[in-house]
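None of these values were measured; they are calculated from a predicted model.
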Amino acid sequence: MHVLAIDDSRTIRDMVRLTLEREGIESTMAVDGLEGLEILKAMDPQPDAILTDVNMPRLDGFGFIEAVRALDVFAGIPILVLTTEGAKELKQRARNAGATGWIVKPFDPARLVVALRTVTGLR
Amino acid sequence: MSSMDEIRATFFEECTELLEQLEGGLLRLEAGEQDADTVDAVFRAVHSIKGGAGAFHLTALISFSHEFETALDGLRSGSVEIDAVVVATLLRASDRLGDLVAKAIEGEEGDATIPDDLAELAARASAGSAEEDVDFGLADLPPLDDAFEVTPLDLNMFEEDGDAPDAPTAPRSKAGGYWEIQFEPLPDLFSSGNEPLYLFRALHVMGRLEPRLIESDLPPLEELDPSQPRVRWIIDLYPSAPDLTETEIESVFEFAQDLCVITMTYREPEVPDPDPAPSAEAEAPETPDSAELTADPEPTPPAPEPPPQRPAAQDSKPAAPAPAGPKGGLSATIRVDLDRIDRLVNLVGELVICQAMLSQSVLKDGLGSNSDSASGLDDLQQLTRDIQDSVMAIRAQPVRSLFQRMTRIVREAAQMTGKDVRLETEGESTEIDKTVVERLSDPLTHMIRNSIDHGVESPADRIAAGKPATGTVRLSARQQSDRVVIEITDDGKGIDRERVRARAIERGLIPADRPLEPAEIDRLLFLPGFSTAASISNLSGRGVGMDVVQRAIRDLNGTIATHSEPGKGCTFSISLPLTLAILDGMIVRSAQQRMVVPLAAIVETQTMDSARIEPISPMRSVVMLQDRFVPLLDLAEGMGFAAPAQIDRRADDDSALLFVKPDDLDAYALRVDAIEAQRQVVIKGLGDSFGRVPCVSAATILGDGQVALIVDPGGLALASDAIRGPAAFEGHLS
């Protein structure tokens, strides 16, 4: 499995990378939505799933998800939102944008992995 | 170091950067740049600190940054208007946040008490915002240990308010029974990236599946919209584990809960099983007529299930590495441990030495400069220099963070002295060696406090003097050839030379009858023992005088100079080498010793016989440099290798004069027995056992393996009677 993870915090990126690495999941990192979009378009093959933060410079998580879903080739990629926010209204915004799921930070590594496996259908 | 420790270290590093961003942003707000981007950046900085702190359970940091974030959210939403009072509150909060981070780095909790002004701001912010912030359950967080194992926290999905039923009350499957799951996707399921096939796979992990497709709702083909699910399934799940709970099954659908209709019913086995032997092997009762899913579940429904847009991978195949395309790279920076760079710097130093040795052997072996070896060596020298520059560039850091730190110093100093001061900075992107940046922090802090304490006048005095009530301290940096010049300028009253002179006399630093030039008086500030700290204020002093500042700068092979105009202000100007590792030097010989004089200090060289030397006393001479006379010093004498002597002027002499101009002192001429070469040398510290040696800044290893001292031209001038004159500061500088 290969996951594209987008977060402007190096700490969170490192934690995600470590979490995935321990499960043998490959990851590619981006620091904001715009970079995430660029990297996603250049990735071949496409990542199996995307993890994204909400609050980021340049292009935030919502904008990123909308931009991804606007492109047909990415319509089916599972996108999990990984954020400290828990407000319902924000979750609904993410859902409307096309998010697959919502995980609250600080995250539990085991469940993050389970969630990724569930949405990708990959072990 | 475990990976978790490393991430923790990363977090603190990131905190430092975020604090800088925060403060930089707040200062921009203060300056009136109140655009959304700045507010967002400030908000994100605090938000990221909170996020990381959450991962490490730094409770004080979490709760403080949470309140801070709430206040900033008010700025973002517009419910709090940005004005000077608000920005001041936020700046104080950012200082506090910095303190808490510093505490956390030391492994302490720190005081998370929310200051009243911040609490008030946060209250205003949340009053104005309808958005409810969901608590992230701080109190419930289990401690995170190094093993990186935490118990489940909050995996919030798009669930309705009522949580899934708790495991104990949920029905459990008994051996032999099965779960009947009705799964009806709603129209938005696909557009959210949820894929029924994968959900089935996740279910299949729990046991054997017997899916049935219900395609009665399927419209005629021409009306079919493949982006919308139009079929549903009834899935019988025969659990492998006899105690599978409804909650566990629900967890498979947790992301899809609002996008599908799920009903689950537990069905008892049709034939009661008399033998309750646990069947972990999961070969549950046979149901003869069902299409059984085997190990590789591909529940290929016959209906036109909208094809997934990407290749449905069968198994976790090794995914391709990140693309190497032009745009497809990862982030363009990597973080490298400083030790590794230092090792590289050392190796480059060795390379420089080795290359010098090689040049020397080629010369000694009589190979002409046209020989292949010699021209090869030239290339090697150029390459070595390029490598060195590149390595130094890795260590270089903009002074921005250093300058930003000073804003807090200015703020505090202004507050303590009751003066109105603003800091202007310029050239923040000027780069300088990381070590230099770090070691400049204390001297700069002290000098800025000095400027505010002693230079800038009180608002009333300033107005009386026809100046704006707010004083200005300017901090600027710029690169000048291979040095960086940092200037601290204030628009205060300038150095009070009468008082400085009086104090120096009072302290016995200079004889009372000695006439001094203004520049000489200014230099008195740097004498040990001059410090005005004890009496005047508790602010700039703190037991440190300008002599300590000067020593710190000298330790960095830098120099410091002053320029003061009474009533207008004062400038301290610090000149520093770009690197601490390598120096362009002139290798000279004097009294059978080889020494290195930094090239940066040498203005000109002349042979002795062409120089115009005028004896002014039996022991002293001056020499003409351009159109003025400068004192002449013999290097051997200055270094203490030889007694003061009349300058030797034999005709066959190789001896030469170096005209030397330390940044902060007047030029003088330095006589050496011979000039040997001009080359880069690797700076090696003398070692702690020597302490500070006047006139010597460091040592180096020459091409032939010999050690040579690197002369400190400024120290030499200050220590020499021949230059300073007999009376000046006698007995106070040695």
Next on the checklist: Sub-4.5 Å heavy-atom contacts with chain B: which residues of residues 3-11 of chain A show up?
Outcome noted: Asp8(A), Ser9(A), Arg10(A), Thr11(A)
Item to check | Contacting moiety of Leu80(A), where chain B heavy atoms sit under 4.5 Å | outcome: side chain
Find the distance between [atom1] ([X]) and [atom2] ([Y]) and round it off to the nearest 0.5 Å.
X: Arg95(A); Y: Leu259(B); atom1: CZ; atom2: CG; value: 4.0 Å
X: Ser48(B); Y: Ile12(A); atom1: OG; atom2: CD1; value: 8.0 Å
X: His47(B); Y: Asp53(A); atom1: NE2; atom2: CG; value: 5.5 Å

Checklist entry - Does the pair Asp14(A) and Glu6(B) meet the rule for a side-chain contact (heavy atoms from CB on, under 4.5 Å), with working shown? => result CA-CA 9 Å; Asp14(A) 281 357; Glu6(B) 279 168 26; over 6 Å; no
Can you tell me which portion of [X] sits under 4.5 Å from chain A's heavy atoms? Options are side chain, backbone, both or neither.
X: Asn194(B); answer: both
X: Glu17(B); answer: side chain
X: Phe43(B); answer: side chain

Checklist outcome for this item: Greatest number of non-hydrogen atom pairs under 4.5 angstrom with chain B, of Arg17(A), Arg117(A), Met56(A), falls to Met56(A)
Next on the checklist: I need the residue from Gly98(A), Gly24(A), Pro57(A) with the largest number of non-hydrogen atom pairs under 4.5 Å to chain B.
Outcome noted: Pro57(A)
Checklist entry - If you take all heavy atoms of Asn55(A) and Arg76(B), which pair is closest and at what distance? => result OD1-NH1, 3.2 Å
Next on the checklist: Ignoring hydrogens, what is the shortest heavy-atom contact between Ala202(B) and Thr118(A)? Give both atom names and the distance.
Outcome noted: CB-CG2, 4.2 Å
